[in-house]
Trainee: 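The structure under discussion is supplied below as C-alpha cells; questions concerning it will follow.
Numbered from 1 within each chain, the chains take letters A, B, ... in sequence-line order.
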Number of protein chains: 2
Amino acid sequence: MPVESQTARDLIHSVFDLQRVLRCLVQERRSGDLGAAEAGVLRVIGEFGGRAVDLAEKLNVTAPVLSRQINELQERGLVARRPDPEDRRAQLLELTESGRAKLAEVEDARIAVLLEMLAGWEQSDAASCTDSIRRLTDTIRQAAHKPAVALATDHEQKENALAAR
Amino acid sequence: MPVESQTARDLIHSVFDLQRVLRCLVQERRSGDLGAAEAGVLRVIGEFGGRAVDLAEKLNVTAPVLSRQINELQERGLVARRPDPEDRRAQLLELTESGRAKLAEVEDARIAVLLEMLAGWEQSDAASCTDSIRRLTDTIRQAAHKPAVALATDHEQKENALAAR
DNA sequence: TATTGTTATACTCTATAACTATA
DNA sequence: TATAGTTATAGAGTATAACAATA
C-alpha cells in the first residue's frame, strides 16, 4: 500500500520536531569549542578525505561554506591541505594527527551523552531507528538529485524546462 | 540488550546526515515566502494556541525568538494576539482565517513533495519510520528536561551542583 | 568554456542581556 | 521576587555573486 497523506504529514512533523529538540543539544554541547558544522566537516574529511568539491556534495553545503570551514580547521591545525598532483586547481584534504584526536574526542563525548539518554532502549530499537533514518535520508537525497522536472520540488527549474519547449 | 557504542555512533551520524539533506529541501521550498521557522510557529499556534511561553517550550526556542516570529506573523495578518483575561502579563495566540489558509497551503505543498519522494515506500514503512523518529525525539526531550546533574550534558550546571555542596 | 576554490556580502535562525509590566 | 513578554545585539551557519587560476 502506498504512503497515505496523513502518514506523510506525521512523518514531516516528526522530523521537524526532532530537529527542534536536537538544537538544544547542539547548542549546549559546543564540543570542545568546535561548532557542530565544523565537527561534521572534520568527520567527512576523516572518513573520506580528498577534494573539497566532493566533500561539499557529501555535506550538502556549497563550496564557499566549506572553504571557510576548512580554513578555520586548518588554522587550528586540525586539517591539512595539500595540492592534488593530478589537478592543480584542486587540493586534497586530510586530518592532521591533532585533527584525528579532536574528532575522536568529539565523537566519544557525543556517544557518551547519547548512550546515557538511550539507557532505556534495546540495542535492536536503536539499530532499527538508525536504519529508518538512513533509509529516509537516502530517499530524500535521491529525490533531490533527480532531474528537477520530475519533481515538484523546484519551481524555477520546472518553469524553465517548460519555457524551453 | 543495551545499546552498543557503535550503534549509538551510527545513530548520531544518521541523524546529522538527515539534517543535512533536509537543509536542501527547506532551502528550496521557501513555502510561500514563509520561512521554515515561521511555518513551525504557525503550526503550533494552529495546533495548540494559547500563551507564548508555552508555545516557546513546545518549539524549543527562547522567548525573544518566538516574540519576533509572532510579530512577523501578526504583521502579515496570519496570527492574532489577544490579552489573557486571567493574567494581564500574558497574551493568547491564535491563527486568523488567513493564517489557517496559509498553514494548510504550506502543509499541503510539503505533503505533496514528500509523497512523491516516498513513491517507492509502503505505508507501513513510513509509519514505522515516523514512530522511530518520534520515539527518539521523546527520549531526547525527556533527557534534556532531567535534572541537569543526572546527565553529562551540561557541564556548568553539574559543576554548580557540586560547588553548592 | 567549464571547473576548483576563494573572498565579499547578505540572509535565516537562534541566543543572551537588559528592560517593562504584571503577579 | 518571580514571570510574561519585548527590544537590542551578537553569533552560528548558510547562500549567492563575483573573482582567480587551472583544465
Trainee: Give the C-alpha distance, both sets of side-chain angles, the deciding distance and a yes or no for salt bridge (charged side-chain N to carboxylate O under 4.0 Å, His left out) between A:Asp138 and A:Arg135.
Mentor: CA-CA 5 Å; A:Asp138 290 344; A:Arg135 193 180 167 201; over 6 Å; no
Trainee: Identify each atom pair where a protein N or O and an N or O of nucleotides 21-23 of chain D are less than 3.5 Å apart, giving names and distance.
Mentor:
from: D:dA23; atom 1: OP1; to: A:Arg88; atom 2: N; distance (Å): 2.9

Trainee: Determine: side-chain N/O of A:Gln19 to OP1/OP2 of C:dC13, distance under 4.0 Å, yes or no.
Mentor: no
Trainee: Among C:dT7, D:dT6, C:dT14, find the nucleotide with the atom closest to the side chain of A:Arg20.
Mentor: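 Among the listed nucleotides, the one closest to the side chain of A:Arg20 is C:dT14.
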Trainee: On DNA chain D, compare the nucleotides closest to A:Ala37 and B:Ser67; which residue's is nearer the 5' end?
Mentor: B:Ser67
Trainee: OP1, OP2 of D:dA4 versus side-chain N and O of B:Arg81: anything below 4.0 Å?
Mentor: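 No, because none of the side-chain N or O atoms of B:Arg81 sits under 4.0 Å from OP1 or OP2 of D:dA4.
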Trainee: Is the closest side-chain heavy-atom distance between B:Leu11 and A:Leu118 below 4.5 Å?
Mentor: yes
Trainee: Under a plain distance cut-off of 3.5 Å, with no hydrogens placed, do B:Gln91 and B:Arg82 share a side-chain donor-acceptor pair?
Mentor: no
Trainee: What I'd like to find out is whether the side chain of A:Ile133 reaches to under 4.5 Å of the side chain of B:Cys129, using heavy atoms alone.
Mentor: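 With C-beta onward as the side chain, the pair stays apart.
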Trainee: What parts of residues 42-64 of chain A reach DNA chain D, counting only heavy atoms under 4.0 Å away?
Mentor: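 Listed by number, they are A:Val61, A:Thr62, A:Pro64.
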Trainee: What's the closest nucleotide to the side chain of B:Arg68 if the choices are C:dT14, D:dT7, C:dT7?
Mentor: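 Per side-chain heavy atoms of B:Arg68, the pick is C:dT14.
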Trainee: Scan side-chain atoms only and decide if A:Asn71 and A:Arg76 contain a donor-acceptor pair under the 3.5 Å cut-off.
Mentor: no
